[in-house]
Amino acid sequence: EINNKTGDSFTYSFSKKENKVYFAHSMLYHPNRFLNFASNRNIRVQELCKGYKGSSVPCIEFGNGNISIILTARHHACESTGSYVLEGVLDELINNPIPNAKVFCVPFVDYEGVIRGDQGKSRAPHDHNRDYDLEKESIYPECEAIKEYANKNGCHFGFDFHSPWHISKENDNVFIVQNSLEKLDRLNRFGKIFEESINEKSLRYEHKNV
């Protein structure tokens, strides 16, 4: 039962026969769904690297050209709704390829966290999303492998799919997180360009939603 006053808590009554119950933070997106997605589109799933606990971390690559597009999701293992958006973007890129472009995708950057049901965000000493310091070797092999790919092949466009919150209000709108004063002018400029580029097929974005 959800707490209707705040919406940020709930209670659950165990039956006499229950001794273990799992609660999902968000809509589930099992890795098998992605494997089926790739198989149905004749996209070969490859191994990015061995994860920090030894699992095989999947990735895909398709298209040919000099423009390199890198797509990633699940830097925070729990943010599964980003996987559904990524799937839609991949479908569009497969069906309507961008000329002279190749796409490299790591659908589960924190694959180890995904398969273990971890929350993943703000993991000590830092989570995957904070593991791209160019002056240091990444502590997670997945992030180091992505850096190596970008260094070798270039990265003209990079998009990382997240889903920071799940509770109404501003979270019902597409918005850009503006948590850096140093980058604020650039973020505002990008937001205005982004808003001008929205068409009838796009998710609605308005720069005022920050």
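The first residue of the sequence shown is numbered 1, and numbering continues consecutively from there.
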I'd like to know if the side chain of Glu112 reaches the main chain of Gly54, judged simply by a donor and an acceptor atom lying under 3.5 Å from each other, with no hydrogens or angles considered. yes
Please list, one pair per line, the donor and acceptor atoms closer than 3.5 Å that link side chains of residues 57-74 to other protein atoms, with sequence neighbours excluded.
unit_1: Glu61; atom_1: OE2; unit_2: Tyr149; atom_2: OH; d: 2.7
unit_1: Ser68; atom_1: OG; unit_2: Gly154; atom_2: O; d: 2.8
unit_1: Thr72; atom_1: OG1; unit_2: Asp160; atom_2: OD1; d: 2.7
unit_1: Arg74; atom_1: NE; unit_2: Ala77; atom_2: O; d: 2.8
unit_1: Arg74; atom_1: NH1; unit_2: Ser83; atom_2: OG; d: 2.9
unit_1: Arg74; atom_1: NH2; unit_2: Ala77; atom_2: O; d: 2.8

Just how far is it from atom NE2 of His128 to atom OH of Tyr111, taken to the nearest 0.5 Å? 13.0 Å
Parallel, tilted or perpendicular: which fits the ring planes of His162 and His75, with parallel below 30° and perpendicular above 60°? parallel
Indicate, with yes or no, if Phe175 and Phe161 share a hydrophobic cluster defined by side-chain heavy-atom contacts under 4.5 Å among Ile, Leu, Val, Met, Phe, Trp and Tyr. no
Looking at Lys192 and Glu195, is there a salt bridge between them, counting it only when a charged N and a carboxylate O are closer than 4.0 Å? no
I'd like to know if the side chain of Tyr29 pairs up with that of Glu79 as donor and acceptor (distance under 3.5 Å, no hydrogens or angles considered). no
Counting distance only, does the side-chain N/O of Arg130 pair as donor-acceptor with the main-chain N or O of His126 below 3.5 Å? no
For Ser180, which residues count as a side chain to side chain donor-acceptor pair (under 3.5 Å) partner, sequence neighbours excluded? none
If hydrophobic clusters are built by linking Ile, Leu, Val, Met, Phe, Trp and Tyr wherever their side-chain heavy atoms come under 4.5 Å apart, do Ile176 and Phe159 end up in the same one? no
Ignoring hydrogens and angles, tell me if any N or O in the side chain of His30 forms a donor-acceptor pair with the backbone of Asn32 under 3.5 Å. yes
Intermediate values then yes/no, ring pair (Phe, Tyr, Trp, His ring centres under 6.0 Å), Phe14 and Tyr12: CA-CA 6 Å; Phe14 290 84; Tyr12 180 83; 5.1 Å; yes
Interatomic distance, NZ@Lys121 vs CG@Asp127, rounded to 0.5 Å, equals 8.0 Å
Any sub-3.5 Å donor-acceptor pair from Glu206's side-chain atoms to Lys208's backbone N or O? no
Any donor-acceptor pair under 3.5 Å from Asp131 side chain to Tyr140 backbone: yes
Walk me through whether Leu28 and Tyr22 qualify under side chain to side chain contact (heavy atoms under 4.5 Å, CB included). CA-CA 12 Å; Leu28 299 181; Tyr22 292 93; over 6 Å; no
At what distance, to the nearest 0.5 angstrom, does CD of Glu87 lie from CZ of Arg41? 6.5 Å
Side-chain donor-acceptor contact under 3.5 Å, Asn153 with Lys102: yes
Closest non-hydrogen atom pair, Gly51 against Pro141: C-CG, 3.8 Å
Which class fits the ring pair Tyr205 and His207: parallel under 30°, tilted 30 to 60°, perpendicular over 60°? tilted
Below 4.5 Å, heavy atoms only, C-beta onward: do Val45 and Phe37 meet side chain to side chain? no
Do the non-hydrogen side-chain atoms of Phe34 and Leu90 ever get within less than 4.5 Å of each other? yes
Quick one: pull up CG in Asn179 and CG in Leu187 and give me the separation to the nearest 0.5 Å. 8.0 Å
same_hphob_cluster(Ile94, Tyr84) at 4.5 Å side-chain heavy-atom cutoff: yes
Could you grab the distance from atom SG of Cys143 to atom CG of Asp133, nearest 0.5 Å is fine? 12.0 Å
Keeping Glu47 on the side-chain end and Ser56 on the backbone end, is there a donor-acceptor pair under 3.5 Å? no
Leu35, Val89: one ILVMFWY side-chain cluster at the under-4.5 Å cut-off? yes
For the pair Asn199 (side chain) and Lys201 (backbone), establish whether a donor and an acceptor sit closer than 3.5 Å, ignoring hydrogens and angles. yes
Exercise: identify the closest heavy-atom pair between Ile115 and Pro31: CG2-CG, 4.1 Å
pair Glu142-Val106: side-chain heavy atoms closer than 4.5 Å: no
Closest approach of Phe23 and Val21, non-hydrogen atoms and distance? CZ-CG1, 3.7 Å
In this structure, CZ of Arg44 is separated from OG of Ser39 (nearest 0.5 Å) by 13.0 Å
Would the number of heavy atoms belonging to other residues, nucleotides or ligands and lying under 6.0 Å from CD of Glu182 be above 12? no
Run the salt-bridge test on Asp118 and Arg123 with the 4.0 Å N-O cut-off and return the result as yes or no. yes
Test of understanding: clusters of I, L, V, M, F, W, Y form through side-chain heavy atoms closer than 4.5 Å, transitively. Do Phe194 and Phe157 belong to the same one? no
Side-chain contact test, heavy atoms from C-beta onward, threshold under 4.5 Å: evaluate it for Tyr52 versus Ile139 and give yes or no. no
Check: Ser197 side chain, Ile193 main-chain N or O, donor-acceptor pair, under 3.5 Å: yes
Would you kindly say whether Ser55 and Lys50 are connected by a side-chain donor-acceptor distance under 3.5 Å? no
